[in-house]
2 protein chains.
Amino acid sequence: MADPQTRFEDLMSKLRERQCRMTPQRVALLRLLASGTDHPSASHLYDQLKTQFHTTSLATVYKTLSLLDDMGEVLELGFSHGVVRYDANKPYPHPHLVCIRCHKIVDCECRTAACLAEQAAKQLGFQVVSHRLDFYGLCADCQNTG
Amino acid sequence: MADPQTRFEDLMSKLRERQCRMTPQRVALLRLLASGTDHPSASHLYDQLKTQFHTTSLATVYKTLSLLDDMGEVLELGFSHGVVRYDANKPYPHPHLVCIRCHKIVDCECRTAACLAEQAAKQLGFQVVSHRLDFYGLCADCQNTG
DNA sequence: GTGCTTGCAAACAGTTTGCAGATAG
DNA sequence: CTATCTGCAAACTGTTTGCAAGCAC
């Protein structure tokens with residue numbers, strides 16, 4: 001996980017370079033995204049924002065996420081059943097552990113994934129620019145609770 | 001890729017075991033799914049069915065896909081932007097090459113992926129039951145067309 | 001002051017559901 | 001004959017868009 005404060009300042013300066021305006025809502029959202037404590041969904045982010053701003057909207061969350069996506073500063077993780085989760089703390093491809101019970105998503109250090117990509121794709125003449133590796137199963141907590 | 005005819009008969013017998021009725025629409029859909037020539041979306045399957053049955057519906061496609069999903073006989077591949085593609089030819093986890101231009105999805109033989117799963121997850125006390133590995137990039141065709 | 005951003009509401013797309021009629025077994 | 005399946009239409013969910021008012025710069 002990247003350091004939340006460093007990543008927050010990184011996002012701030014990248015948006016400023018783009019002449020984006022730093023509204024309080026946007027700053028709060030960036031701070032949430034940079035924290036890296038979770039891989040939140042859009043509505044989860046909205047719920048957290050609502051505790052700070054009594055008036056705010058899901059549309060604003062989506063607009064900022066889409067802006068960051070265009071800039072390549074957020075990883076959009078689409079799953080089955082229409083579930084989408086975001087990772088703006090570490091926006092480059094990396095393996096994830098996805099708990100099938102509590103739906104927690106944890107980063108997983110795993111050096112060999114990237115070179116596996118190159119190796120596997122070369123066989124089919126495929127030019128790899130990105131990859132995605134998810135492990136599904138039960139996290140330690142969920143294994144211990146029947 | 002599994003042999004289409006074998007996989008088709010396999011799906012047929014598994015549905016019969018469940019006392020499912022083999023309507024012409026369902027048989028045609030199973031044949032499409034077993035063919036393994038592509039990793040189609042629901043509406044792509046519907047389009048292909050419409051050429052055989054002038055009256056048919058997307059709801060029927062979804063109902064059969066959901067039935068096969070419950071039986072573990074289809075792999076649901078969710079992507080960003082609400083895109084969902086299905087793989088019923090080889091319904092167990094395996095790596096995919098996803099073309100970011102033409103959106104072709106190709107199976108990729110890659111023996112090391114499964115053991116990588118075990119290895120990586122053991123470090124975090126995560127019990128892996130499934131995995132997903134996608135490589136994104138340009139397929140051979142798209143590299144050769146500007 | 002300018003024009004980007006917000007937040008509401010309406011539109012939208014993909015998926016799911018309810019139900020009456022059709023049909024496989 | 002019976003229970004399942006089909007296919008239509010309506011409901012639903014998550015996301016996107018349009019626009020008037022607000023606010024960062």
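Throughout, a chain's letter reflects where its sequence line sits, starting with A, and its residues are numbered from 1.
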A:Gln19 vs D:dA24: side-chain N/O to OP1/OP2 distance below 4.0 Å: no
Look up atom NE2 in A:His39 and atom NE2 in A:His96, then write down how far apart they are to the nearest 0.5 Å. 3.5 Å
Could you run through nucleotides 18-25 of chain C and give me one letter per nucleotide, 5' to 3': B if any protein heavy atom sits under 4.0 Å from the base, S if only the sugar-phosphate is that close, - if neither? BB----BS
Rounded to the nearest angstrom, tell me the gap between atom CD in A:Gln25 and atom C1' in D:dC23. 10 Å
Neighbours of DNA chain C within residues 65-87 of chain A, by heavy-atom distance under 4.0 Å: none
Apply side chain to side chain contact (heavy atoms under 4.5 Å, CB included) to the pair B:Glu73 and B:Arg7, showing each step before the final yes or no. CA-CA 10 Å; B:Glu73 292 300 325; B:Arg7 179 62 182 149; 2.9 Å; yes
Are A:Lys104 and A:Asp141 ion-paired here, with the side-chain N under 4.0 Å from a carboxylate O? yes
Partner set under side chain to side chain contact (heavy atoms under 4.5 Å, CB included) for B:Arg132, not counting sequence neighbours: A:Arg132, A:Asp134, A:Tyr136, B:Leu77, B:Phe79, B:Asp134, B:Tyr136
In whole angstroms, the gap separating C1' of D:dA24 from CZ of A:Arg26 amounts to 11 Å
Expressed as a whole number of angstroms, how long is the span from B:Leu15:CG to D:dT4:C1'? 13 Å
Ignoring hydrogens and angles, tell me if any N or O in the side chain of B:Thr64 forms a donor-acceptor pair with the backbone of B:Val61 under 3.5 Å. no
Tell me: CG of B:Leu58 to C1' of D:dA10, nearest whole Å? 15 Å
How would you list all residue pairs meeting salt bridge (Lys or Arg N to Asp or Glu O under 4.0 Å) that involve residues 79-89 of chain B, not counting sequence neighbours? B:Asp38-B:Arg85
Remaining members of A:Tyr92's ILVMFWY cluster at a side-chain heavy-atom cut-off under 4.5 Å? none
Keeping A:Arg18 on the side-chain end and A:Met71 on the backbone end, is there a donor-acceptor pair under 3.5 Å? no
Taking the side chain as every heavy atom from C-beta outward, state whether B:Leu68 and B:Leu30 have any atom pair closer than 4.5 Å. yes
Please examine the side chains of A:Leu33 and A:Leu45, heavy atoms only from C-beta on, and report whether any two atoms are closer than 4.5 Å. yes
Compare all side-chain heavy atoms of B:Lys50 with those of B:Thr55 and state whether any distance is below 4.5 angstrom. no
Reckon B:Ser57 has a side-chain N or O less than 4.0 Å from the OP1 or OP2 of D:dC8? no
Here the residues of residues 36-55 of chain A within 4.0 Å heavy-atom distance, strictly under, of DNA chain C are A:Thr55
